[in-house]
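Written out below as structure tokens is the structure these notes cover.
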There are 2 protein chains.
Amino acid sequence: MHSTPTDRRRGEATRAAIRAAGARLFAEHGFQDTSVRDIAREAGVDPALVIRHFRSKERLFIETMSVEDPARSIVEGPLEQLGEAMVAGTLARSDRAKKVYTALMRAADHEEVRDAIARANHATVIAPLARRLSGHDAQLRAALVSAQLNGLLNTLWMIEDEAVTRVPTEVLITEYGRALQVLIDG
Amino acid sequence: MHSTPTDRRRGEATRAAIRAAGARLFAEHGFQDTSVRDIAREAGVDPALVIRHFRSKERLFIETMSVEDPARSIVEGPLEQLGEAMVAGTLARSDRAKKVYTALMRAADHEEVRDAIARANHATVIAPLARRLSGHDAQLRAALVSAQLNGLLNTLWMIEDEAVTRVPTEVLITEYGRALQVLIDG
DNA sequence: GTCTATACGACGATAGAC
DNA sequence: GTCTATCGTCGTATAGAC
């Protein structure tokens with residue numbers, strides 16, 4: 001009937017194990033190629049518990065595909081060189097951040113994933129950047145800078161277009177940074 | 001034993017019906033939400049024939065998700081205003097072109113789809129643009145312009161971020177066109 | 001050769017017993 | 001909270017009729 005303290009503690013341990021397994025497997029193999037049964041096996045629990053605790057594979061994915069490493073810092077620094085700084089700061093992010101970004105983008109078939117992506121973009125890039133911009137259409141220009149940045153990341157991390165992946169990072173920072181700077185300057 | 005003319009004609013008609021059904025359903029509902037059985041029903045054909053004729057759902061998707069409406073024209077016009085022209089030309093593309101783009105991007109979980117996207121980018125944007133650019137790193141700058149453009153399209157069509165979708169097209173053309181122009185000018 | 005019928009193994013998710 | 005058994009659906013393969 002009632003859940004005892006022991007029950008609750010066991011449940012929390014199970015939840016944590018499932019979450020850890022999901023965080024690892026989704027980042028490594030993506031949403032589609034990671035099955036609920038894979039996660040259960042990695043967590044050492046019954047497959048039914050994955051759904052029981054997280055309601056659906058999709059919800060576990062969204063809850064799991066996030067990074068503590070805050071991207072907020074990429075909109076800091078002198079405004080006059082922020083374009084380059086944003087590209088450099090993004091390309092220098094952790095390996096996990098790249099994998100999470102890629103996994104999210106490649107799962108954009110799912111509406112709730114798209115919403116999560118949009119929310120993350122606003123929270124980590126658009127809103128803090130818009131606060132720093134002056135001049136006309138600050139909000140819009142911030143959103144377009146975010147779109148630009150995502151364009152580069154998609155080419156580099158999601159599509160992995162060889163024409164761009166083999167270019168030295170410093171060149172990308174200089175060239176693409178100039179393009180961002182135009183919208184930052186307004 | 002041997003295939004009669006009647007056999008061959010029947011087979012071609014079946015193939016065409018499956019292709020047409022796939023072209024419609026994939027564009028409308030995406031890769032994931034369109035089942036092989038849906039396509040077979042729409043085509044008035046046995047589900048096994050879909051695989052028999054196209055080897056896999058993924059191959060039918062890639063073969064089907066293309067547009068005759070050539071995007072090549074978006075890299076034409078005076079170089080000094082090509083940035084704006086590219087944005088304008090892209091945003092003015094057919095409704096089918098938008099749906100195909102969205103369907104492809106949302107199916108990027110599949111490696112062969114990513115390859116198809118990269119090939120399309122090179123054939124329709126990067127290569128023809130690189131041919132027109134002069135100065136340093138023409139090939140790279142063309143690839144980065146393509147990345148920028150895809151960034152806008154992803155925000156607009158794939159993620160459908162409201163902060164950008166509700167902005168008037170003319171504003172997007174002016175603002176984002178300026179950013180493209182920087183890399184076009186070099 | 002085209003097609004029909006049937007089946008396989010894996011999937012996400014659920015009901016109900018403990 | 002956990003586990004077993006199972007459901008309906010999926011992409012795909014194939015045997016055999018025409």
Side-chain angles (χ1 to χ4, degrees), chain A residues 1-22 25-26 28-65 103 106-107 109-113, chain B residues 1-22 25-26 28-65 103 106-107 109-113:
Chain A
M1 286 294 197
H2 295 304
S3 72
T4 69
T6 308
D7 281 349
R8 204 175 310 120
R9 233 178 289 122
R10 259 220 302 177
E12 281 164 15
T14 301
R15 255 188 96 85
I18 293 170
R19 199 194 311 272
L25 292 178
F26 282 139
E28 206 59 42
H29 304 112
F31 179 79
Q32 183 99 302
D33 292 352
T34 303
S35 73
V36 169
R37 287 163 173 86
D38 288 339
I39 295 167
R41 192 180 318 114
E42 169 104 356
V45 305
D46 188 274
L49 291 181
V50 176
I51 303 296
R52 250 259 175 277
H53 279 283
F54 292 91
R55 300 174 43 96
S56 74
K57 178 186 171 185
E58 198 177 329
R59 272 171 138 62
L60 174 61
F61 178 74
I62 291 175
E63 185 169 329
T64 289
M65 290 297 95
R106 288 183 181 171
D109 235 332
H110 303 259
E111 189 178 10
E112 296 194 27
V113 174
Chain B
M1 287 295 197
H2 295 306
S3 72
T4 68
T6 309
D7 279 349
R8 203 176 311 120
R9 235 178 287 123
R10 258 218 307 177
E12 281 164 16
T14 300
R15 255 187 97 86
I18 293 170
R19 198 196 312 271
L25 292 178
F26 282 138
E28 205 60 42
H29 308 295
F31 179 79
Q32 182 99 301
D33 291 351
T34 302
S35 72
V36 169
R37 288 162 173 86
D38 288 339
I39 295 167
R41 194 181 315 113
E42 170 104 354
V45 134
D46 189 273
L49 290 182
V50 176
I51 302 296
R52 249 268 178 270
H53 280 281
F54 292 91
R55 302 175 39 101
S56 75
K57 178 186 171 185
E58 197 177 330
R59 273 171 134 69
L60 174 60
F61 177 75
I62 292 175
E63 186 169 327
T64 284
M65 290 297 95
R106 289 183 181 171
D109 234 328
H110 304 259
E111 189 178 11
E112 296 195 26
V113 173

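Note that this is a predicted model, so its numbers are computed, not measured. Hydrogens, waters and symmetry mates play no part in the numbers below; they use all other heavy atoms, side chains included.
Regarding B/Q32, its CD atom lies at a distance of 16 Å from the P atom of D/dT9, rounded to whole Å. The interatomic distance linking B/R9 (CZ) with C/dC3 (C1') rounds to 17 Å, in whole Å. Distance A/E112 CD to C/dG12 C1': 15 Å, rounded to the nearest Å. In this structure, the CG atom of B/D109 is 15 Å from the P atom of D/dG11, given to the nearest Å. Note: CZ (A/F54) to P (D/dG1) measures 12 Å, nearest angstrom. Separating the CG atom of B/D38 from the P atom of D/dG11 is a distance of 8 Å, rounded to the nearest angstrom. Rounded to an integer number of Å, the gap from B/D7 CG to C/dT4 P is 13 Å. Note: CZ (B/F61) to C1' (D/dG11) measures 16 Å, nearest angstrom.
Among the atoms of the strands shown, only primed sugar atoms or phosphate atoms (P, OP1, OP2) are found under 4.0 Å from some heavy atom of A/S56. B/T34 comes within 4.0 angstrom of sugar-phosphate atoms only, judged by non-hydrogen atoms across all strands, and of no base.
Closest-nucleotide positions on DNA chain D for A/D46 and B/R10 were compared, and the one nearer the 5' end corresponds to A/D46.
The A/T14 side chain lies nearest to D/dT2 when the options are D/dG11, D/dT2, D/dC3. Side-chain proximity of B/H53 to the nucleotides C/dC3, C/dA5, D/dT2 is greatest for C/dC3. The listed nucleotides are D/dT2, C/dC3, D/dT12; the one nearest the side chain of B/I51 is D/dT12. Relative to the side chain of B/A48, the nucleotides C/dC11, C/dA5, D/dC3 differ in distance, and C/dA5 lies closest. Among the nucleotides D/dT2, C/dG12, D/dT4, the one closest to the side chain of A/K57 is C/dG12. Listed candidates were C/dC3, D/dC10, C/dG12. Nearest to the side chain of B/L49 is C/dC3.
Under 3.5 Å, the side chain of B/R37 and the base of D/dG11 form at least one donor-acceptor pair of N or O atoms.
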Decide side-chain contact (heavy atoms from CB on, under 4.5 Å) for A/H53 and A/R19; before the verdict, give the C-alpha distance in whole Å, the side-chain angles of both, and the deciding distance to 0.1 Å. CA-CA 10 Å; A/H53 279 283; A/R19 199 194 311 272; over 6 Å; no
Derivation of the side-chain contact (heavy atoms from CB on, under 4.5 Å) call for B/I18 and B/V45: CA-CA 8 Å; B/I18 293 170; B/V45 134; 4.2 Å; yes
Yes or no on side-chain contact (heavy atoms from CB on, under 4.5 Å) for B/D38 and B/R41, after CA distance, side-chain angles and deciding distance? CA-CA 5 Å; B/D38 288 339; B/R41 194 181 315 113; 3.4 Å; yes
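Residues A/F61 and A/T34 are not in side-chain contact: their nearest non-hydrogen atoms beyond the backbone lie 4.5 Å or more apart.
Under the 30°/60° scheme for interplanar angles, the aromatic rings of B/F31 and B/H110 are found to stand perpendicular.
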